[in-house]
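Note sheet for the following structure.
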Amino acid sequence: MGERAHGPVRRGEGTGPGAFTPDGNAVELYSRLPAGTEPETIAQAVPPGASILELGAGAGRVTHALLERGYRVVAVDESEEMLSQVKGARTVHSSIEALDLGERFDAVLLASHLLNTAEPSSRDAMLRSCRRHVADDGKVLVERQGDDWFGPRMAMTPADRTRTGIGMRVVSVERSAPGVSDVRIEYEADGVRWTHSFRAWDVPDAELERILTAAGLRLARYLTDDHSWVEAVPV
């Protein structure tokens, strides 16, 4: 049984079978998704054997790959259903914003584009949580969507069936305000279909540096050519 804390949640809407998180993600779908390239990106920045606090760990898609690489991982998520899928890591049931473990870690991860999909006030609170939990000589790794992800070419893209058998289609991206998009995505696997609708905020480079500074962090470097992954350090 994992640890538990309380705090605010982020909302979205999801449809399909099974349990959903407060922000509309389907637990069954996320339990099927592969780790992708994220563990490799993280491993390039974080030394072997380091302690990692993974915020918004979900069903352990990245957690399990990091454990296999020898990292010591604490997985945090606001969904108990998601955390029940995580094996081999210490788990904490909590919102990211309210988390206060009284511990510091070699690295703190804020992945899965949470920087884009949390409302600005929650986003800023999440970055303060990162700062609260990172060691003075540690680092915070943040993932965000690139500017072009919100462009009109993302709407109505054809379904992309991956080799894992999971298809994804961005059904619509509508600008509801400058810098704000309402996004609807459809997933399909083995004849089962889920949808996820959510609001997303652009976080361009200049805004990223501003919000990191406000949280007591400094942008150290971009980890990927598209600037989707960044490394920040305490100040």
Side-chain angles (χ1 to χ4, degrees), residues 3 5 7 10 35-58 60-78 86 88-92 94-118 120 122-147 201-235:
E3 301 167 38
R10 296 165 298 283
T37 61
E38 287 96 328
E40 181 178 350
T41 299
I42 295 164
Q44 291 173 354
V46 182
S51 62
I52 295 179
L53 178 66
E54 185 186 2
L55 301 175
R61 180 178 64 87
V62 174
T63 315
H64 297 140
L66 293 176
L67 290 171
E68 290 174 359
R69 289 174 177 262
Y71 293 108
R72 294 170 286 126
V73 184
V74 175
V76 177
D77 204 273
E78 64 184 354
V86 176
R90 173 182 157 201
T91 62
V92 180
S94 174
S95 73
I96 298 169
E97 298 94 324
L99 186 71
D100 192 351
L101 296 177
E103 303 173 46
R104 300 289 187 91
F105 297 81
D106 299 321
V108 178
L109 304 183
L110 186 65
S112 300
H113 312 117
L114 290 174
L115 208 64
N116 298 102
T117 57
S122 290
R123 174 198 69 190
D124 296 344
M126 288 193 293
L127 288 174
R128 291 194 297 271
S129 184
C130 291
R131 178 62 183 90
R132 196 158 54 239
H133 291 94
V134 68
D136 290 340
D137 59 349
K139 56 189 64 177
V140 176
L141 305 187
V142 178
E143 182 186 21
R144 59 174 178 157
Q145 294 285 11
D147 292 342
W201 284 259
D202 297 359
V203 185
D205 290 353
E207 175 70 359
L208 174 64
E209 292 193 38
R210 184 192 70 78
I211 60 178
L212 287 173
T213 298
L217 297 164
R218 174 179 59 81
L219 177 65
R221 58 172 173 156
Y222 295 103
L223 297 175
T224 53
D225 292 339
D226 63 359
H227 289 194
S228 60
W229 276 90
V230 301
E231 177 185 319
V233 295
V235 293

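Sequential numbering from 1 along the given sequence is applied to the chain's residues.
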Shortest non-hydrogen contact between [X] and [Y], atoms and distance:
X	Y	result
Cys130	Leu55	SG-CD1, 3.7 Å
Ile211	Arg123	CG2-NH2, 3.5 Å
Ala135	Pro234	O-CG, 3.5 Å
Val46	Ala107	CG2-CB, 3.8 Å
Val86	Gly58	CG2-O, 3.6 Å
Asp77	Ala57	OD2-N, 3.4 Å

task = Using the test side chain to side chain contact (heavy atoms under 4.5 Å, CB included), find all partners of Glu209 that sit at least two apart in sequence or belong to another chain.
result =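 For Glu209 the side chain to side chain contact (heavy atoms under 4.5 Å, CB included) partners, ignoring immediate neighbours, are Leu219, Tyr222.
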ask   = Which residues satisfy the side chain to side chain contact (heavy atoms under 4.5 Å, CB included) test with Thr224, sequence neighbours excluded?
value =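 By the side chain to side chain contact (heavy atoms under 4.5 Å, CB included) rule, Thr224 matches Thr41, Asp226, Ser228, Trp229.
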query = Taking the side chain from Lys139 and the backbone from Ala45, do they hold a donor-acceptor pair closer than 3.5 Å?
reply =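 A pair under 3.5 Å: yes.
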inquiry  = Looking at Arg221, is its backbone amide N or carbonyl O close enough to the side chain of Glu231 to form a donor-acceptor pair, meaning the two atoms are under 3.5 Å apart?
reply    =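 A pair under 3.5 Å: no.
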query = Please walk me through it: do Val134 and Phe105 pass side chain to side chain contact (heavy atoms under 4.5 Å, CB included)?
reply = CA-CA 5 Å; Val134 68; Phe105 297 81; over 6 Å; no
request  = With sequence neighbours left out, write down each residue that passes side-chain hydrogen bond (donor to acceptor under 3.5 Å, both in side chains) with Glu40, or none if nothing qualifies.
outcome  =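 With neighbours one apart ignored, the set is empty.
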task = Could you pull out all residues at least two apart from Arg69 that satisfy salt bridge (Lys or Arg N to Asp or Glu O under 4.0 Å)?
result =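 Applying salt bridge (Lys or Arg N to Asp or Glu O under 4.0 Å) to Arg69 gives none.
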request  = Mind checking salt bridge (Lys or Arg N to Asp or Glu O under 4.0 Å) for Arg218 and listing every partner two or more places apart, or none if nothing turns up?
outcome  =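 Result, salt bridge (Lys or Arg N to Asp or Glu O under 4.0 Å) vs Arg218: none returned.
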Should [X] and [Y] count as side-chain neighbours, where that means a heavy-atom distance under 4.5 Å?
X	Y	answer
Leu141	Val108	no
Leu53	Val76	yes
Val230	Leu223	no
Val233	Val140	no

Nearest-0.5 Å distance, [atom1] of residue [X] to [atom2] of residue [Y]:
X	Y	atom1	atom2	value
Leu217	Arg128	CG	CZ	11.5 Å
Ser122	Glu97	OG	CD	4.5 Å
Asp100	Ser129	CG	OG	7.5 Å
Glu143	Leu110	CD	CG	9.0 Å
Arg90	Ser51	CZ	OG	10.5 Å

query = Is the shortest distance from a Lys or Arg side-chain nitrogen in Glu103 or Arg132 to a carboxylate oxygen in the other one below 4.0 Å?
reply =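 Not counted as a salt bridge, because no side-chain N and carboxylate O are separated by less than 4.0 Å.
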message = Enumerate the salt bridge (Lys or Arg N to Asp or Glu O under 4.0 Å) contacts for residues 104-118, please, sequence neighbours excluded, ordered by first and then second residue.
response =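 Counting only pairs at least two positions apart or across chains, the salt bridge (Lys or Arg N to Asp or Glu O under 4.0 Å) contacts touching residues 104-118 are Arg72-Asp106, Arg104-Asp136.
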Which atom pairs, one a donor and one an acceptor, fall under 3.5 Å between side chains of residues 61-68 and the rest of the protein, sequence neighbours left out?
from	atom 1	to	atom 2	distance (Å)
Arg61	NH1	Pro34	O	3.3
Arg61	NH1	Ala35	O	2.9
Arg61	NH1	Glu38	OE1	3.4
Arg61	NH1	Glu38	OE2	3.2
Arg61	NH2	Glu38	OE2	3.2
Thr63	OG1	Glu54	OE1	2.5
His64	ND1	Gly60	O	3.0
His64	NE2	Lys87	N	2.9

Residue among Asp205, Asp202, Thr117, Asn116 satisfying side chain to side chain donor-acceptor pair (under 3.5 Å) with Arg144 =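 The residue from Asp205, Asp202, Thr117, Asn116 that satisfies side chain to side chain donor-acceptor pair (under 3.5 Å) with Arg144 turns out to be Asp205.
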